[in-house]
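Treat the numbers as computed from the prediction; the structure is a model and nothing was measured. Labels below follow one simple rule: chain letters A, B, ... track the order of the sequence lines, proteins then strands, and each chain is numbered from 1.
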There are 2 protein chains.
Amino acid sequence: MPRLSYLDIAAILRDEIERGVYRHGDTLPPEPVLAERFETTRATINNALRVLRGEGCIATHRGRGTTVTALTRRIRRSAMTRYRPEALQTSTGPFDYEVRQLGMSPRSEVTVSRVVPPAEIAEILKLDEGEQAVQRARRMFADDTPVMIASSYIPLSIAADTVLEQEQQGPGGMIRRLAELGHAQVHMDESVTVRPPNDDEADFLRMSSDQRVYVILHIGRTAEGTAVEAAQQIMPTHYWQLDYSWDVEPA
Amino acid sequence: MPRLSYLDIAAILRDEIERGVYRHGDTLPPEPVLAERFETTRATINNALRVLRGEGCIATHRGRGTTVTALTRRIRRSAMTRYRPEALQTSTGPFDYEVRQLGMSPRSEVTVSRVVPPAEIAEILKLDEGEQAVQRARRMFADDTPVMIASSYIPLSIAADTVLEQEQQGPGGMIRRLAELGHAQVHMDESVTVRPPNDDEADFLRMSSDQRVYVILHIGRTAEGTAVEAAQQIMPTHYWQLDYSWDVEPA
DNA sequence: GAGTGGTCTAGACCACAGA
DNA sequence: CTGTGGTCTAGACCACTCG
């Protein structure tokens, strides 16, 4: 019998996970045991697990073991509905809706502070070098699995000493508050890129460097085209699907 | 002096690439040479190169060596403009525009055939089990670097024996032709996910399994909501940025 | 302290590209 | 043929988690 390659082993384990031999949340056998089962060494098993980790099937933790990832389906982030007035009416907000769609429980933690934003954000908000902005940082969970980091920045000239510097926003969230302050947003820009997580992101999102995050840069603009809010959202690619839909004029 | 970890080595090499010690297109020293330089073994070098490969910095080819990736900036795919009538007026089409924006030369190859589409596509187009559709497969290049695989599917009931089964489409492309055939599209849906490339994709796009592709499912609908075109686009994440922009009603 | 996965060493064989 | 990167073996040390 020919030896199995790490890809073969990954395929076998993937199949067993899909067939339910290992359930979501289960712990896989330790690497030495798998090595024995497949008549190979730990290095090869480690390689196979890296493949599955990259796909988001499993998560490995030193000292704790290898567990099958909890999320069955991906959370669907519907860009066009999540910023619509109707979506904002609900006190819970679009993230809560998106997570509940999967039958999971949403939770989030907010931190508000004044910071000098990253250069990319400062440029969008047309801030001077070293100028501060209000940062609203949110860490979001689905059933206690961390699934998103979002940082919104609003120029101090708009947000200083307003409700935007308080943690609780009330129904309609930031968009509604900004509108009430005379900065109604009528246009959104988003760009999507993908990269490995940095150390902080990997730590909070419990990711390995074999996995990837979406980086979504979201910009809200007023009728004059001024950017009044710039937000960066970091999400593991294996947890999310991004949905967009729009109307076009017929050709 | 402490030994360097593969992450340290990756960081050093990344820095050297960014500083221009190795230029885009250059070949890096072979792994045994790097192993000697960093006083370690090939396995550790291999590990370091895997990190850079995952970021899209380099590409490794057995027998040929390791080269620095050609693309400096990412191609920007602007979803909302690429399907607008104005964008379609130009005979060249949106992909050509997007690539030229980077100062590169676009090229694409089209293959038209009748196939039974993947289940996901068949469901969208409401095809019966085993029913065929017209597939227009495009492989796209920027300066001879393969950057995208796109497969559009149109139901046979619409496309059979029409200009849609010919390779050349003329100005306005498929959207215009569909409109002329009485299937004007007024609504677009797109979903974005990310995964490792499959073997075919990795082969054509010259990717390794450490890298990732966007999978964009694009659906064009008529005023009645009928899907008349479903397309799947596969693009290496390290080559592309996805842009979306839209208007919202004020809160 | 025992068990986990992360990383490394030293060496080997292989598939593949190119002269 | 030589040199490349891909993969594997056998063994080791380490950091981390948990009882």
>> Applying side chain to side chain donor-acceptor pair (under 3.5 Å), can you list everything that pairs with A/Asp15, at least two apart in sequence or on another chain?
In response: A/Arg19
>> Among residues at least two apart in sequence or on other chains, which ones pass ring pair (Phe, Tyr, Trp, His ring centres under 6.0 Å) with A/Tyr244?
In response: B/Tyr244
>> A/Asp199: which residues meet the salt bridge (Lys or Arg N to Asp or Glu O under 4.0 Å) condition with it, sequence neighbours left out?
In response: none
>> In whole Å, I'd like the distance from the CZ atom of B/Arg53 to the C1' atom of D/dT7.
In response: 12 Å
> With respect to the phosphate group of C/dT7, does any side-chain polar atom (N or O) of A/Asn46 fall under 4.0 Å of OP1 or OP2?
Replying inline: no
> What is the distance, rounded to the nearest whole Å, between atom CZ of B/Arg206 and atom P of C/dC16?
Replying inline: 18 Å
> Quick one, which residues of residues 5-12 of chain B touch DNA chain C with a heavy atom under 4.0 Å?
Replying inline: B/Ser5, B/Tyr6
> Can a side chain N or O of A/Thr66 be found less than 4.0 Å away from OP1 or OP2 on C/dT4?
Replying inline: no
>> Run the side-chain contact (heavy atoms from CB on, under 4.5 Å) test against A/Asn46 and tell me which residues pass, sequence neighbours left out.
In response: A/Glu31, A/Arg42
> With sequence neighbours left out, which residue pairs that include part of residues 56-76 of chain B fulfil the salt bridge (Lys or Arg N to Asp or Glu O under 4.0 Å) condition?
Replying inline: B/Arg76-B/Asp243
>> If the condition is ring pair (Phe, Tyr, Trp, His ring centres under 6.0 Å), which residues does A/Phe141 pass it with, not counting sequence neighbours?
In response: A/Phe204
> Sequence neighbours excluded, which residues qualify as ring pair (Phe, Tyr, Trp, His ring centres under 6.0 Å) partners of A/His238?
Replying inline: none
>> Expected output is a numbered-order residue list: members of residues 31-38 of chain B with a heavy atom under 4.0 Å from any atom of DNA chain D. What is it?
In response: B/Glu31, B/Pro32
> For A/Arg77, which residues count as a salt bridge (Lys or Arg N to Asp or Glu O under 4.0 Å) partner, sequence neighbours excluded?
Replying inline: A/Glu190
> Tell me, for nucleotides 9-19 of chain D in 5' to 3' order, what letter each nucleotide earns: B for a base near a protein heavy atom under 4.0 Å, S for only sugar-phosphate near one, - for neither?
Replying inline: BB-B--BBBS-
>> I need the full list of salt bridge (Lys or Arg N to Asp or Glu O under 4.0 Å) pairs touching residues 101-110 of chain B, with sequence neighbours left out, sorted by first then second residue.
In response: B/Arg107-B/Glu109, B/Arg107-B/Asp144
